[in-house]
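Below is one structure, written out as C-alpha cells; the observations come after it.
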Amino acid sequence: MGNLDGKFALVTGAGRGIGAATAKKLSDAGARVLVNDLDADVAQATAADLPGAIAVAGDLSDLDVADQLVKTAVDTFGGLDIVVNNAGYIWHSAIHNMSDEQWDAMIDIHASAQFRVLRAYGRWLRTNAGKDAHVRKVVNVSSTMGIYGGATQLAYSAGKAAVVGITKTLAKEWGRYNVTVNAVAFGAIETRLTSPYEKEPNISIVKGQERKVGLSLDQIEGAKQASPLGRMGTVEDGANSIYLMCIPESDWITGEVLVASGGVRG
Ligand SMILES: NC(=O)c1ccc[n+]([C@@H]2O[C@H](COP(=O)([O-])OP(=O)(O)OC[C@H]3O[C@@H](n4cnc5c(N)ncnc54)[C@H](O)[C@@H]3O)[C@@H](O)[C@H]2O)c1
C-alpha cells in the first residue's frame, strides 16, 4: 500500500531536476503522474520509468498549454488530485543590466504560468470537487530568493515572491473545495542550475536560448557552509519536501510556505 495509491498527479517541469525526482517520489507512493516538460525527450524519459505515467511536452509560457495539461490529466486519469507547479529557470543579472524581456520572462514562468495552471485546475474543481470527501493538494515551488531576496536575482525573486501570494490566496479560496495549497521555498539544491563550473558558467538551453547557469566552486562551498547541515540539498531532498505537502498527514496544513533550505535563513 502506498501513501498516494489511487491519486492522480500533475508535475510541471518534471523532465529534470527536482521535478523529475518529485514525479518519481509521487509515483513510488502510488500516484499516476502526468509528467510535463518543455523538452519532450526528458519528459518521456522520466515518464517511461514510472508505472501508469504519461508525458506531455509543452511550454508553459504558451497561453493554452496549462489548459491542455489539466484537460489531458482529467481525460486520461479521470480526475486530478495533486498539482505540483515546479517548472522554472533562472536568468540573472544586476538591475542596471536587466532587460524588459528578462523581467517579463521570469515573471511569466514563475508567476503567470503557475496562475494559468491553477486557473485551469480551479475551473475543473468548481464542477468536480466537493462531490467526494478526499483532500486534494497543490504545491507551488518557490525559492528562498522569493522570501529573503538575492543579489542579481531581482526578477527571479519577484516571481518567486508572487508564488507566495498565489499560494496564500488560493488556500483561502479553495478550502471550500477541500484543497490544500502550500508552497515549498527551496534553498540551493543540486541541479543543472547549481552545478559547478571552474572558469565560465555552464550553458543550458531554455526556450531555444542559451542561458548561463551554475555556480563557481567558491559559491558552492559557500552554499554548503551556510547550511547548518554543511551541504546543498539533493533532488531527493527537494522531492521529499514536496511529498510532505501531498500526503494525507498534511491535510490540516494549508496556506503555508515550507522553507526547505537545509536551515539557511537569508
Ligand atoms: N536548484 C535550486 O537550487 C533551486 C532553488 C530554489 C528554487 N528552485 C526552483 O525549483 C524548480 C525546479 O528547478 P531545478 O533546479 O530542478 O531546475 P532544472 O533545470 O533541473 O529543471 C527544471 C525543468 O523545468 C523545465 N522548464 C523550464 N521552463 C519551462 C516551461 N516554460 N515549460 C515547461 N517546462 C519548463 C525545464 O525544461 C527543466 O526540465 C524551479 O522552479 C526553480 O526555480 C530551484
Side-chain angles (χ1 to χ4, degrees), residues 10-24 34-47 55-66 68-69 84-92 104-114 116-117 139-150 153 155-164 166 183-196 202-209 211-215 219-220 223-224 226-227 231-239 241-242 257-262 264:
L10 159 62
V11 184
T12 67
R16 299 185 183 81
I18 298 165
T22 299
K24 179 172 180 353
L34 186 154
V35 173
N36 156 260
D37 203 279
L38 178 65
D39 297 321
D41 54 346
V42 291
Q44 280 155 9
T46 301
V56 181
D59 179 348
L60 285 158
S61 298
D62 292 344
L63 295 182
D64 51 356
V65 165
Q68 287 167 9
L69 293 181
V84 180
N85 265 313
N86 166 75
Y89 62 98
I90 53 176
W91 189 3
H92 298 331
D104 289 346
M106 289 290 92
I107 299 300
D108 184 58
I109 186 58
H110 295 293
S112 307
Q114 291 203 7
R116 287 190 288 269
V117 169
V139 185
N140 299 321
V141 172
S142 183
S143 163
T144 50
M145 299 304 145
I147 299 173
Y148 308 118
Q153 306 191 22
Y156 179 81
S157 299
K160 290 302 195 188
V163 172
V164 175
I166 289 168
V184 178
F186 290 119
I189 302 271
E190 292 165 345
T191 68
R192 64 179 182 167
L193 304 186
T194 55
S195 62
N202 308 316
I203 299 293
S204 74
I205 309 291
V206 180
K207 294 172 67 60
Q209 295 184 29
R211 301 266 176 263
K212 291 182 176 178
V213 297
L215 299 175
Q219 287 172 315
I220 289 173
K224 289 179 182 172
S227 165
R231 64 179 180 84
M232 289 170 55
T234 63
V235 292
E236 289 77 21
D237 289 322
S241 309
I242 291 170
V257 180
L258 174 65
V259 176
S261 66
V264 176

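Just so it is clear, the values below take in all heavy atoms, side chains as well, and ignore hydrogens, waters and symmetry mates. Both counts, for ligands and for their atoms, begin at 1 and track the order of listing. Keep in mind the model is a prediction, meaning the values are calculated, not measured.
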Verify side-chain contact (heavy atoms from CB on, under 4.5 Å) between Ile90 and Gln153, making sure each step is shown before the conclusion. CA-CA 8 Å; Ile90 53 176; Gln153 306 191 22; 5.8 Å; no
What short N/O contacts, under 3.5 Å, does ligand 1 make with the protein, listed by atom pair and distance?
unit_1, atom_1, unit_2, atom_2, d
ligand 1, 1 (N), Ile189, O, 3.2
ligand 1, 1 (N), Thr191, OG1, 3.2
ligand 1, 3 (O), Ile189, N, 2.8
ligand 1, 3 (O), Ile189, O, 3.3
ligand 1, 15 (O), Thr191, OG1, 2.7
ligand 1, 16 (O), Ile18, N, 2.9
ligand 1, 19 (O), Arg192, NE, 2.7
ligand 1, 19 (O), Arg192, NH2, 3.4
ligand 1, 31 (N), Asp59, OD1, 2.9
ligand 1, 32 (N), Leu60, N, 3.0
ligand 1, 34 (N), Leu38, N, 3.1
ligand 1, 37 (O), Arg16, NH1, 3.1
ligand 1, 37 (O), Asp37, OD1, 2.7
ligand 1, 39 (O), Arg16, NH1, 2.9
ligand 1, 39 (O), Asp37, OD1, 3.3
ligand 1, 39 (O), Asp37, OD2, 2.6
ligand 1, 41 (O), Asn86, O, 2.7
ligand 1, 41 (O), Lys160, NZ, 2.9
ligand 1, 43 (O), Tyr156, OH, 2.7
ligand 1, 43 (O), Lys160, NZ, 3.3

Could you tell me whether the side chain of Ile147 reaches within less than 4.5 Å of the side chain of Val259, counting heavy atoms only? yes
Between the side chain of Thr46 and the main-chain N/O of Ala14, is any donor-acceptor distance below 3.5 Å? yes
Before accepting this row, confirm whether a basic side-chain N of the pair Lys207/Asp62 lies closer than 4.0 Å to the acidic partner's carboxylate O. no
Partners of Asn202 by side-chain hydrogen bond (donor to acceptor under 3.5 Å, both in side chains), sequence neighbours excluded? Ser195
Whether Tyr156 and His92 hold their rings parallel, tilted or perpendicular, with breakpoints at 30° and 60°: perpendicular
